[in-house]
Amino acid sequence: MAGGRFGNGGARNGNSARNFPGGDSLQTVSIELHGKKMKANYRVSDTRMQIILPEAMKPSGDKLKINIAYGFNIPEYGSDRLGRLQTKNGEIFEVAQWYPRMAVYDDVEGWNTLPYLTAEFYLEYGNFDYTINVPANFLVGGSGELVNGAEVLTGAQQKRLAQAATSDKTVIVRGPEEVTQAGSRPGGKNGRLTWHFRCQRARDVAWAASAAFAWDAAKMNLPSGRKSLAMSLYPAEAAGDTAWSRSTEYVKKSIEFNSKQWYEYTYPVATNVAGVVGGMEYPGIVFCGAKAKKASLWSVTDHEFGHNWFPMIVGSNERKYPWMDEGFNTFINILSSKEFNNGEYKQLADVEGRTAVGLLYALLAPEADVPYTVPDVTQARNLGFAAYSKTGYGLYLLRQEILGPERFDYAFRSYIQRWAFKHPTPRDFFRTMNNVAGEDLTWFWHEWFFENWLLDQAVTTVTYVNQDPTKGALITIENKGQAAMPVTAEVKETSGKTTTVHLPVEIWQRGGTWTFRYNSTTPLTQVTLNPTNILPDVNRSNNVWRAATMTE
């Protein structure tokens with residue numbers, strides 16, 4: 001069992017407040033086993049609590065109940081996972097990783113006890129039923145479905161929320177101008193209200209509360225026709241020059257695309273909260289920076305809700321294999337950004353122009369870590385490369401250059417379907433993709449995830465059959481690096497004809513050079529490999545051959 005723990009290192013991996021008494025403060029721990037209630041015999045080491053049972057549980061059908069009374073202080077800034085933001089109308093509380101939870105027990109590792117450090121968790125699935133008691137003037141957003149809306153919302157808010165459930169356009173549930181109006185909140189017993197939420201088949205829950213929240217919502221159109229709501233909670237001032245007035249649109253379109261493209265979103269609500277946290281994901285709810293603007297808010301919203309597929313639906317071990325979490329999500333973000341409003345933020349999806357070049361710098365760094373590793377040996381400065389960009393871009397290359405979108409999408413969807421609400425290992429992913437795509441991709445998995453090999457494709461010579469261009473050209477190319485990839489060659493002739501030739505990666509199985517015949521009718525003027533620059537070729541100067549007359 002692991003509770004929240006926040007260090008003092010500052011930034012994303014530590015709480016900025018020195019000596020903050022963070023984490024769970026255990027008060028009492030009791031158990032009920034075989035009809036007997038008793039005080040638990042337990043020990044705590046770092047973030048792990050181990051309960052020693054008085055007798056073994058039966059192999060099947062047995063139950064153990066654990067009751068824990070604990071306290072939890074909310075830091076002002078909790079490692080960019082939770083915290084408090086002061087606004088002109090009150091504090092915004094974002095609360096996550098706030099309760100003790102069971103460690104995963106699987107058939108590969110047994111109990112997964114890798115230290116959680118200050119990052120996210122590897123969690124088991126379950127059904128959550130929880131209540132939040134707050135001042136009556138607060139609004140609360142939480143993972144799952146609000147059960148008692150009639151008790152905590154005004155009549156007007158209930159009607160507006162019902163309207164939002166049938167509207168593709170954003171409906172204001174509590175407008176920025178209403179935040180300071182007492183009539184926008186119902187009275188409660190002793191000035192307090194209890195919000196009741198249920199979240200089914202989830203690995204965690206988080207919530208946010210504030211008197212400062214404006215609130216809007218819209219329906220999401222899921223493939224099965226099941227109802228789900230996109231919602232946003234943000235301070236009144238964020239509705240001005242920031243993009244938060246479009247937040248619900250971002251949530252809606254991100255989730256609708258991924259639901260249609262990969263696997264249907266599984267929660268009844270998706271809530272985006274503006275606060276002190278720059279970007280963090282939890283089932284059905286995400287925290288994004290209150291000052292985020294335009295494309296940056298789309299990007300962080302799309303990324304954090306993308307995590308509802310990895311690792312919320314597909315329960316990979318993000319502590320041990322962060323690339324199966326962050327990298328897979330980075331990949332699906334590429335496609336969703338290309339799709340959003342027909343490319344409104346196309347600069348975010350310009351992976352050929354940005355990512356391949358950025359990847360080159362990281363690949364050329366001798367100290368770069370490979371993706372297939374664990375945090376204990378991944379240098380902090382390399383985490384973004386190994387876990388995010390290399391993995392995300394590698395899957396994009398696999399889709400665009402190796403398998404093609406049709407075969408890749410079928411295999412990737414099959415992986416999600418087979419491992420939804422389960423705990424896959426890297427080998428499970430590799431095997432599924434190989435089997436469903438119908439191709440042995442071992443070479444790709446090895447060079448992309450286990451190595452940082454460099455790619456260097458070159459054009460070496462061009463000759464003509466019987467020295468006659470009308471009878472065809474013989475083009476020799478070379479693979480100078482350790483990495484192998486398919487070849488795309490753009491061939492231009494003096495006639496003005498331009499032809500693109502695609503060669504599979506298998507040409508390199510017989511060595512580092514390959515000669516192919518091109519059916520020319522006139523002399524060639526230029527041959528260019530990797531013409532779109534989609535491949536991370538480390539030496540683009542040898543990608544082009546030009547006829548001698550073109551250089552004189």
Chemist: Between Y393 and I534, is any pair of side-chain heavy atoms under 4.5 Å apart?
Modeler: yes
Chemist: Which label fits F429 and F328: parallel for a plane angle under 30°, tilted from 30 to 60°, or perpendicular past 60°?
Modeler: tilted
Chemist: Spell out, as yes or no, whether a donor-acceptor pair under 3.5 Å connects the side chain of N317 to the backbone of R319.
Modeler: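 Checked: pair present.
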Chemist: Does any N or O in the side chain of T301 come within less than 3.5 Å of the main-chain N or O of W298, such that one atom is a donor and the other an acceptor?
Modeler: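 No.
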Chemist: Which pair of heavy atoms, one from Y122 and one from D106, lies closest together, and at what distance?
Modeler: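 Shortest heavy-atom contact: OH-OD2, 3.4 Å.
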Chemist: Under a 4.0 Å threshold between the charged nitrogen and the carboxylate oxygen, would E318 count as salt-bridged to R203?
Modeler: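 Answer for the salt bridge query: yes.
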Chemist: Check whether any side-chain heavy atom of T432 lies under 4.5 Å from a side-chain heavy atom of W419, and answer yes or no.
Modeler: yes
Chemist: If you draw the axis of the six-membered ring of F412, does the NZ or CZ of R399 fall within 45° of it and under 6.0 Å from the ring centre?
Modeler: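 That pair does not qualify as a cation-pi contact.
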Chemist: Are the side chains of E249 and N341 in touch, meaning some heavy atoms are under 4.5 Å apart?
Modeler: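 Side-chain contact under 4.5 Å: yes.
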Chemist: How would you list, by chain and number, every residue that makes a side chain to side chain contact (heavy atoms under 4.5 Å, CB included) with K480, sequence neighbours excluded?
Modeler: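 Per chain and number, K480 pairs via side chain to side chain contact (heavy atoms under 4.5 Å, CB included) with D456, A458, E478, N542.
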Chemist: So, do I402 and L441 sit near enough that their side-chain heavy atoms are less than 4.5 Å apart?
Modeler: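 They are in side-chain contact.
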Chemist: What heavy-atom pair brings Y321 and P426 nearest, and what distance separates the two atoms?
Modeler: CE1-CD, 3.5 Å
Chemist: Which pair of heavy atoms, one from K219 and one from N221, lies closest together, and at what distance?
Modeler: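 Heavy atoms only, the tightest pair is CE-OD1, 3.1 Å.
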Chemist: Is the backbone of S299 close enough, under 3.5 Å, to the side chain of D302 for a donor and an acceptor to pair up by distance?
Modeler: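 No; zero donor-acceptor contacts below 3.5 Å.
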Chemist: Ignoring hydrogens and geometry, is there a side-chain-to-backbone donor-acceptor pair from Q457 to M485 under 3.5 Å?
Modeler: yes
Chemist: Can the ring centroids of W323 and F449 be said to lie less than 6.0 angstrom from one another?
Modeler: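 For W323 and F449, the ring centres are under 6.0 Å apart.
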Chemist: Do you see a donor-acceptor pair shorter than 3.5 Å between the side chains of Q261 and D409?
Modeler: yes
Chemist: For the pair H303 and H307, name the ring-plane relationship: parallel under 30°, tilted 30 to 60°, perpendicular over 60°.
Modeler: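 H303 and H307: perpendicular rings.
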Chemist: Quiz question: by atom type and distance under 3.5 Å, do the side chains of E94 and Y282 form a donor-acceptor pair?
Modeler: no
Chemist: Would you please name every residue forming a salt bridge (charged side-chain N to carboxylate O under 4.0 Å, His left out) with K390, sequence neighbours left out?
Modeler: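 None.
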Chemist: Determine whether Y410 and R407 make a side-chain contact, defined as any pair of heavy atoms from C-beta on separated by less than 4.5 Å.
Modeler: no
Chemist: Between the side chains of S228 and Y265, is a donor N or O closer than 3.5 angstrom to an acceptor N or O?
Modeler: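 Note: S228 and Y265 side chains miss the donor-acceptor criterion.
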Chemist: Provide the closest heavy-atom pair for A230 versus T248 in the form atom of the first, atom of the second, distance.
Modeler: O-CG2, 3.5 Å
Chemist: Check the angle between the aromatic planes of Y372 and F450 and answer parallel, tilted or perpendicular using the 30° and 60° thresholds.
Modeler: parallel
Chemist: Quick one: are W545 and L529 in side-chain contact, heavy atoms under 4.5 Å?
Modeler: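 Side chain of W545 against side chain of L529, heavy atoms only: no contact under 4.5 Å found.
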Chemist: Do you know which two heavy atoms are closest between S414 and V436, and how far apart they sit?
Modeler: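 In this case the closest contact between S414 and V436 is OG-CG1, 3.5 Å.
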Chemist: Mind checking side chain to side chain contact (heavy atoms under 4.5 Å, CB included) for Q200 and listing every partner two or more places apart, or none if nothing turns up?
Modeler: N127, R198
Chemist: List the atom of L535, the atom of R540, and the distance in Å for their closest heavy-atom pair.
Modeler: O-NH2, 3.8 Å
Chemist: If a pair satisfies salt bridge (charged side-chain N to carboxylate O under 4.0 Å, His left out) and one of its residues is in residues 255-268, list it, with sequence neighbours excluded.
Modeler: R226-E264, K252-E256
Chemist: Which class fits the ring pair F331 and F408: parallel under 30°, tilted 30 to 60°, perpendicular over 60°?
Modeler: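 Ring orientation, 0 to 90° scale: perpendicular.
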Chemist: Report the residues that fulfil side chain to side chain contact (heavy atoms under 4.5 Å, CB included) with S541, sequence neighbours left out, ordered by chain and then residue number.
Modeler: N539
Chemist: For residues P283 and T266, determine if any side-chain heavy atom of one lies less than 4.5 Å from a side-chain heavy atom of the other.
Modeler: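 No, their side chains stay 4.5 Å or more apart.
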Chemist: Name all residues meeting the side chain to side chain contact (heavy atoms under 4.5 Å, CB included) criterion together with Y105; count only those two or more places apart in sequence or in a different chain, and write none if there are none.
Modeler: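 With neighbours one apart ignored, the set is W111.
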